[in-house]
Amino acid sequence: MEVTGFFTAILIGLIIGAAGRLVVPGRQRIPLWLTLVIGVVAAILGTLVAGAFGVADTGGIDWIELVLQVGFAAVGVAIAGGVGSRRR
């Protein structure tokens, strides 16, 4: 992966993390940095899963890959929010 690809993946991950947080209903009591880390991990997982199913590189916008990434981010935010709320 080139340097520009790495920074692009991080940027997309940050956006995916924010989108995942918006999808989860209610208030999430997790720090912003954790949301962003979850987004980066979700972007990587979504890309890997989309590649495994053969839908990672399509013409135009890769909607299936994007939905997978946001879904992984929403699950990650929900899990992190649930774990954080039990500690308080």
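Index from 1, following the sequence. If you're wondering where the values come from, they're calculated on a predicted model, not measured in any experiment.
Taken together through direct or relayed side-chain contacts under 4.5 Å among Ile, Leu, Val, Met, Phe, Trp and Tyr, Val67 and Ile12 form parts of separate hydrophobic clusters. Both Val77 and Trp33 are assigned to one and the same hydrophobic cluster, defined by single-linkage of ILVMFWY side chains at heavy-atom distances under 4.5 Å.
Taking the side chain as every heavy atom from C-beta outward, Leu36 and Val40 never approach each other to under 4.5 Å. Contact check for Val49 versus Phe72: side-chain heavy atoms found under the 4.5 Å cut-off. Side-chain atoms of Glu65 and Thr47, non-hydrogen and from C-beta on, do get closer than 4.5 Å to each other.
Counting all heavy atoms, side chain and backbone alike, Ala74 lies closest to Val24 at O-CG2, 3.3 Å. The two residues Arg21 and Ile30 come nearest to each other via the heavy atoms NH2-O, 3.2 Å. Scanning all heavy atoms of the two residues, the minimum distance from Ala73 to Gly17 falls at CB-CA, 4.4 Å. Considering all non-hydrogen atoms of both residues, Ile16 and Ala42 come closest at CG2-CB, 4.3 Å.
We find the CD1-CD distance between Ile44 and Gln69 to be 9.5 Å, quoted to the nearest 0.5 Å. The line from CG of Leu68 to CG of Leu48 is 11.0 Å long, rounded to the nearest 0.5 Å. If you take CG on Leu14 and CD1 on Ile38, they are separated by 12.5 Å, rounding to the nearest 0.5 Å.
Atom CD1 of Ile64 sits in a sparse spot, with 12 or fewer heavy atoms from other residues, nucleotides or ligands closer than 6.0 Å.
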